[in-house]
Amino acid sequence: MTKSIMIVGVGGQGTLLASRILGNTVIREGYDVKVSEVHGMSQRGGSVVTYVKYGDKVYSPTIDKGQADLILAFEILEAARALPYLSKNGTMIANTQQINPMPVITGAATYPEKLDEKIEKKANLVKLDALSIAKQAGNIKTVNVVLIGVLAKNSEIPYEKWVETIKETVPEKFLEVNLKAFELGYNV
Amino acid sequence: MKKLLLGNAAVARGAYEAGVRVVASYPGTPSTEITESIVQYPEIYAEWSPNEKVAAEVAIGASIAGARSMPCMKHVGLNVMADPVFTAAYTGVNAGLVFCVADDPGMHSSQNEQDSRHYAEASKIPMLEPSDSGECKEFTKLAFELSEKYDTPVFLRLSTRISHSQSLVELNERENDELKPYEKNAAKYVMMPGNAIKRHVEVEKRLAALKEFSETTEINKAEINGSDIGVICGGTTYLYAHEALGDSVSYFKIGMIYPFPDKAIVEFCKKFKTVYVIEELDPVIETQCKALGIEVIGKERFTLLGEYTPTLIKKAVSGEEIPKENALDELLPARPPVMCAGCPHRGTFYVLKKLGLTVSGDIGCYTLGAVPPLSSLDTTICMGASVSAAHGMAKARGPKFNKKLVSVIGDSTFMHSGITGLTDIVYNKGANTVIILDNSITGMTGHQENPTTGYTIRGEETKQVNLIALCKSLGVEHVVVADPFDVKNFEKVVKEETEREEPSVIIAQRPCALLKRVKYSGHCVITDACKNCKMCMKLGCPAISVKDDKVVIDNTQCNGCGLCVNVCPFGAIKKED
């Protein structure tokens with residue numbers, strides 16, 4: 001049995017750190033794990049997608065359409081874009097934050113309205129305003145860890161294991177604010 | 001101990017364990033993190049070389065001198081280093097020499113989708129291809145063993161999903177750390193015709209021996225699951241096929257793609273009614289099979305384009321339709337990559353667009369100057385082509401055209417292969433204007449040092465190339481440094497320099513906004529003085545957008561770089577802390 005989790009967002013939002021925290025946490029549970037990342041050009045403000053898969057034995061590092069058990073979306077348009085990847089009984093956790101893509105900025109396209117409501121009609125959605133929660137934690141850059149907190153709550157992996165990984169992954173001087181962000185996300 | 005490692009980091013670990021002493025590379029997605037990971041091992045000398053050809057030559061020299069060595073590059077970098085590679089196949093090695101090359105099927109961050117497996121046969125160099133991080137480490141070590149045993153360089157071929165996927169790797173100790181003795185051996189290392197003719201004989205003998213190895217090595221292995229379908233695959237497609245088809249078919253996993261294991265493949269194929277060859281990009285394995293007279297199903301069923309997926313494989317093999325996807329009923333706006341807020345290139349392209357110039361582009365973050373609203377670039381071919389191709393354009397169309405033409409090239413790219421193009425312009429009486437976008441770092445690949453930054457890969461201070469003196473020494477008499485955020489002056493400088501009937505260089509100097517030492521602060525705000533002219537919208541800044549027909553600046557995106565303040569004709573944008 002393999003569990004497939006997709007993390008989607010906008011380049012620069014910290015999806016890579018989130019996938020690393022997730023990957024290193026599931027190892028603690030003794031699973032085989034694969035994490036597939038995107039580097040290079042796509043990281044420059046484009047759509048970014050990271051796959052994390054774990055289980056007894058994982059082959060492909062990527063996730064196909066209809067195969068993700070869980071999608072963690074850092075931005076609501078990216079959540080909508082990732083929807084086809086969600087499995088029938090999967091859960092989408094989405095930050096309702098809007099970041100305008102360049103075609104919207106230039107006026108070539110419009111940002112779709114009420115995406116959260118539209119997604120809710122099609123899938124099991126857990127939505128939150130992670131940006132406000134990150135502000136509450138003390139640093140807007142902790143949006144990724146807030147979302148990891150929500151993911152943790154929706155996983156079968158114990159709370160402490162996540163905290164252990166965050167302690168190992170995050171630099172000392174940002175640790176306190178990140179642990180707070182995690183805690184706030186976990187208790188959403 | 002098992003650790004979760006990127007394929008690239010696992011190659012670095014393999015090199016460390018194999019006792020490698022020298023790694024020289026030029027950054028390129030998806031290969032960059034191999035060399036970045038090497039830095040954690042103080043036992044290994046590591047460098048960013050100015051380009052891949054230099055990197056390969058450094059490694060070849062180190063190997064001849066007795067140190068296990070490895071240059072690492074992306075697929076197009078292999079083209080740059082191809083010259084020494086083909087001859088290193090003739091000289092062979094003293095200590096082990098592995099050329100590590102990462103392809104980019106799907107072109108996540110590349111200008112073409114070349115299949116570097118063709119290089120193995122063309123250069124007569126054996127090639128290994130791992131499927132996950134564990135194999136990345138083991139195959140790297142094996143590559144060094146083979147290199148010394150058979151006196152040949154060895155290719156290690158990766159691709160994006162192998163390089164940039166993390167999986168578990170067992171860590172071991174470092175071995176074979178000793179430097180081999182160096183002895184002069186001109187017959188082996190001086191490749192003039194008399195010697196090379198004899199070495200070619202050795203190359204062919206060695207390939208025959210390597211073919212025997214390929215027939216029996218464990219990295220070319222059959223997994224028999226007792227059905228009447230066989231699948232031949234390797235690298236990524238082994239993983240995808242396994243995920244898609246599980247135990248319902250048998251597999252032949254090719255870990256050593258060249259020399260090809262003819263007999264083992266013939267034996268495998270005999271067992272099955274139907275054999276599929278599943279490989280991304282070109283029909284390299286398929287062509288080998290067909291040459292052996294084996295009937296296989298390959299590219300008539302599988303695309304030549306892009307990356308494969310388990311679903312794609314399942315559909316091609318079983319004919320099973322893909323279930324209808326769960327999607328919203330509307331078209332979603334795309335989100336292409338953009339230049340970051342605060343990017344120094346934005347000022348440059350704003351001016352070039354305004355002046356309506358033809359822009360000969362190059363490879364780097366600034367390739368994004370091609371997308372709306374800046375839409376500046378006319379061409380992008382390869383590293384360095386901005387300079388030499390503009391020379392060709394000017395020679396083809398004459399001086400009038402040339403006065404509306406510029407090249408744009410990054411600092412690192414200029415050092416990589418822009419210098420020769422500029423030399424050509426001066427030598428052959430061109431009058432081009434070349435803009436060096438000096439952002440003090442190699443940007444797109446994630447901030448690597450280069451000869452213009454004054455720091456080595458390990459962050460040690462070193463001599464810094466003086467771009468002004470360099471250009472002048474080539475014979476360019478007009479070299480101007482200008483800040484692309486001072487748009488008024490920058491526009492004036494571009495106008496003046498393109499007007500000249502002699503070669504000129506503009507060094508557009510402003511560091512990358514993502515560098516730690518760049519401390520923009522606060523953010524920009526639109527004041528009541530705004531006349532809604534939307535001039536600032538022409539910058540294509542991700543922080544500036546229009547809401548209810550009014551320009552707004554998003555605080556979470558804006559870093560206070562102030563470019564929009566300089567562009568606003570009404571002084572309506574102010575900086576706030």
Side-chain angles (χ1 to χ4, degrees), chain A residues 2 10-12 19-20 23-24 27 32-47 51-52 58-67 75 77-78 80-81 83-86 88 97 99-112 115 118-119 121-123 131 140, chain B residues 2 4 6 29-30 32-33 104 108-110 132 161-168 236 238-244 307 309-312 322-323 325-340 365 367-368 371-373 444-446 537 540-542 544-546 554 556-557:
Chain A
T2 306
V10 179
S19 65
R20 286 186 179 188
N24 281 301
I27 302 181
D32 184 25
V33 58
K34 282 192 177 155
V35 180
S36 184
E37 307 174 345
V38 179
H39 299 219
M41 186 175 264
S42 338
Q43 275 180 296
R44 301 280 171 268
S47 303
Y51 308 105
V52 179
V58 181
Y59 283 97
S60 170
T62 56
I63 298 170
D64 278 0
K65 286 183 179 164
Q67 306 283 323
E75 198 267 356
L77 173 59
E78 296 313 310
R81 204 187 308 285
L83 184 60
Y85 286 84
L86 197 63
K88 259 188 192 154
Q97 189 182 350
I99 300 175
N100 288 333
M102 199 45 71
V104 170
I105 290 176
T106 60
T110 48
Y111 197 102
L115 281 172
K118 291 174 189 165
I119 295 169
K121 283 185 193 146
K122 302 250 180 189
L131 191 63
I140 56 167
Chain B
K2 276 195 172 180
L4 190 59
L6 268 185
T29 314
T32 312
E33 300 79 8
D104 190 17
H108 295 272
S109 202
S110 301
D132 59 20
R161 294 293 177 192
I162 306 299
S163 284
H164 288 165
S165 290
Q166 300 185 57
S167 55
L168 292 170
T236 50
Y238 170 73
L239 305 173
Y240 300 152
H242 226 292
E243 178 125 340
E307 292 187 291
T309 63
T311 305
L312 175 148
I322 302 165
E325 61 189 46
N326 184 14
L328 297 190
D329 308 318
E330 62 193 292
L331 225 65
L332 300 173
R335 192 186 298 275
V338 291
M339 283 188 257
C340 308
C365 288
T367 313
L368 294 170
V371 297
M444 180 59 91
T445 44
M537 291 299 299
C541 174
I544 312 177
S545 59
V546 176
D554 177 356
T556 62
Q557 299 276 321

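Residue numbering restarts at 1 for every chain, and letters A, B, ... go by the order of the sequence lines. All values below come from the heavy atoms of this structure, side chains included, with hydrogens, waters and symmetry mates left out.
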Below 3.5 Å, can you tabulate the donor-acceptor pairs from side chains in residues 331-339 of chain B to any protein atom, sequence neighbours excluded?
residue, atom, partner, partner atom, Å
B/Arg335, NE, A/Glu78, OE2, 2.5
B/Arg335, NH1, A/Ile99, O, 2.8
B/Arg335, NH2, A/Glu75, OE1, 3.0
B/Arg335, NH2, A/Glu75, OE2, 3.0
B/Arg335, NH2, A/Glu78, OE2, 3.3
B/Arg335, NH2, A/Ile99, O, 3.1

### Message
At a heavy-atom distance under 4.5 Å, which candidate from B/Thr556, B/Val546, B/Leu168 has the highest pair count against chain A?
### Response
B/Leu168

#### Entry: chain B contacts, top residue of A/Thr62, A/Ile140, A/Asp32, A/Val104 (heavy-atom pairs, under 4.5 Å)
A/Thr62

### Task
Under 4.5 Å heavy-atom distance to chain B, tell me which part of A/Val33 shows up: side chain, backbone, both or neither.
both

### Query
Which region of A/Tyr85, side chain (C-beta onward) or backbone (N, CA, C, O), has a non-hydrogen atom less than 4.5 Å from a non-hydrogen atom of chain B, or is it both or neither?
neither

## Note on the structure
Of the listed B/Ile162, B/Asn326, B/Leu312, the one with the largest count of heavy-atom pairs under 4.5 Å with chain A is B/Asn326

### Message
Looking at A/Lys122 and B/Leu328, would you say the former's side chain and the latter's main chain have a donor-acceptor pair under 3.5 Å?
### Response
no

### Query
Given side chains that start at C-beta, do those of A/Tyr111 and A/Pro101 come closer than 4.5 Å, heavy atoms only?
yes

### Task
Would you mind checking which part of B/Leu6 comes under 4.5 Å of any heavy atom in chain A, side chain (CB onward), backbone (N, CA, C, O), both or neither?
side chain

### Message
Is A/Thr110 in contact with chain B via its backbone, its side chain, both, or neither, using a 4.5 Å heavy-atom distance?
### Response
backbone

### Query
Partners of A/Thr106 by side chain to side chain contact (heavy atoms under 4.5 Å, CB included), sequence neighbours excluded?
A/Met102, A/Ala108, B/Pro373

### Summary
Heaviest contributor of heavy-atom pairs below 4.5 Å to chain A, chosen from B/Met537, B/Glu330, B/Glu33, B/His242, is B/His242

### Query
Does any heavy atom of chain A fall under 4.5 Å from the side chain of B/Asp104, the backbone, both, or neither of them?
neither

#### Entry: Donor + acceptor pair across side chains of B/Thr309, B/Thr311 (<3.5 Å)
no

### Query
Any idea which of A/Lys118, A/Lys88, A/Arg81 has the most non-hydrogen atom pairs under 4.5 angstrom with chain B?
A/Arg81

### Query
For the candidates B/Glu307, B/Glu243, B/Gln166, B/Glu325, which exhibits the highest count of non-hydrogen atom pairs separated by less than 4.5 Å from chain A?
B/Gln166

